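Here is the structure we will look at.
If you're wondering where the values come from, they're calculated on a predicted model, not measured in any experiment. Chain letters run A, B, ... following the sequence lines, proteins first, then strands; residues in each count from 1.
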Amino acid sequence: MGKMQQVYDADKITFFEKVYQVVRLIPEGRVTSYGAIAAYLGSARSSRMVGWAMNGSHRVKPKVPAHRVVNRIGMLTGKHFFGEQNTMKHLLEKEGVKVEDDKIVDFKKHFWDPAVELLL
DNA sequence: CGATTGACGTACG
DNA sequence: TCGTACGCCAATC
């Protein structure tokens with residue numbers, strides 16, 4: 001190991017990478033939730049960790065469409081992390097997802113469940 | 001190094 | 001139906 005400064009645990013890197021990978025698979029115009037991703041990854045109670053993973057998603061490449069991840073009732077809880085307050089909303093509406101009062105309109109209609117769509 | 005926090009969600013009264 | 005408690009665990013204080 002020597003001067004290896006990577007103290008991250010390999011398994012946890014995988015968890016974070018899995019989160020990013022799932023988010024990258026979300027099609028345009030579709031959205032999912034932190035809990036859905038956590039459940040898909042086998043940790044239904046780790047939805048908060050998904051949030052933490054998303055917190056660092058801006059520095060990950062390829063790009064992670066973080067604006068397609070909202071909470072379980074379709075609220076844009078992460079909009080504050082997009083710089084401008086309405087950037088997340090703007091990105092979604094550009095993809096045909098209507099947002100009203102920081103909440104996705106017809107959330108169920110746009111909902112993309114990795115456990116169903118990815119059939120793993 | 002213990003306590004707190006957090007882009008969440010479920011359980012329980 | 002609504003408010004509170006707690007699990008999850010990395011990062012920050």
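Going from atom CZ of Arg59(A) over to atom P of dA10(C) covers 14 Å, rounded to whole Å. Atom pair Met75(A):CE and dG9(B):C1' shows a separation of 14 Å (rounding to whole Å applied). Atom NZ in Lys18(A) sits roughly 14 Å away from atom P in dC9(C) (whole-Å rounding). The separation between Phe16(A) atom CZ and dG6(B) atom C1' is 12 Å, rounded to whole Å. Counting to the nearest Å, the P atom of dC6(C) and the CZ atom of Arg48(A) are 13 Å from each other. Rounded to whole Å, the distance from NZ on Lys79(A) to C1' on dA7(B) is 13 Å. Rounded to an integer number of Å, the gap from Met54(A) CE to dC8(B) P is 11 Å. Going from atom CZ of Phe107(A) over to atom P of dC8(B) covers 13 Å, rounded to whole Å.
As rounded to the nearest Å, dC6(C) and dA3(B) have P atoms that lie 16 Å from one another. The gap from the P atom of dC8(C) to that of dC1(B) amounts to 23 Å, rounded to the nearest Å. Rounded to a whole angstrom, the distance from the P atom of dT1(C) to that of dC8(B) is 23 Å.
Residue contacts shown for Ala53(A) are absent, as no nucleic acid heavy atom lies under 4.0 Å away. Among the protein residues, Ser46(A) comes within range of the sugar-phosphate backbone only, with heavy atoms under 4.0 Å from sugar or phosphate atoms but none that close to a base. At a threshold of 4.0 angstrom between heavy atoms, the contacts of Asn71(A) are confined to the sugar-phosphate backbone, with no base atom among them.
In this model, the phosphate group of dC8(B) is approached by a side-chain N or O of Thr77(A) to a distance below 4.0 Å at OP1 or OP2.
Taking every heavy atom of both residues into account, Tyr20(A) and Gly56(A) meet most closely at OH-C, 3.8 Å. Between His67(A) and Met88(A), the closest heavy-atom pair is O-CE, 3.4 Å.
Ion pairing of Glu95(A) with Arg30(A) is absent here, as no side-chain N (NZ or NE/NH1/NH2) approaches a carboxylate O to less than 4.0 Å.
Here dA7(B) is the nucleotide among dC8(B), dG6(B), dA7(B) with the atom lying nearest to any side-chain atom of Ala66(A). Nearest to the side-chain atoms of Met49(A) among the listed nucleotides dG7(C), dA10(C), dA7(B) stands dA10(C). Set against dG7(C), dA10(C), dG9(B), the side chain of Trp52(A) has dA10(C) as its closest nucleotide. The nucleotide whose nearest atom lies closest to any side-chain atom of Ser33(A) is, among dA10(C), dG9(B), dA7(B), dG9(B). Listed nucleotides: dA7(B), dC8(B), dC8(C). Nearest to the side chain of Arg45(A): dC8(C).
Remark: side-chain polar atoms of His110(A) are paired, donor with acceptor, to backbone N or O of Gly29(A) under 3.5 angstrom.
Inspection of the Glu84(A) and His90(A) side chains reveals no N or O donor paired with an N or O acceptor under 3.5 Å.
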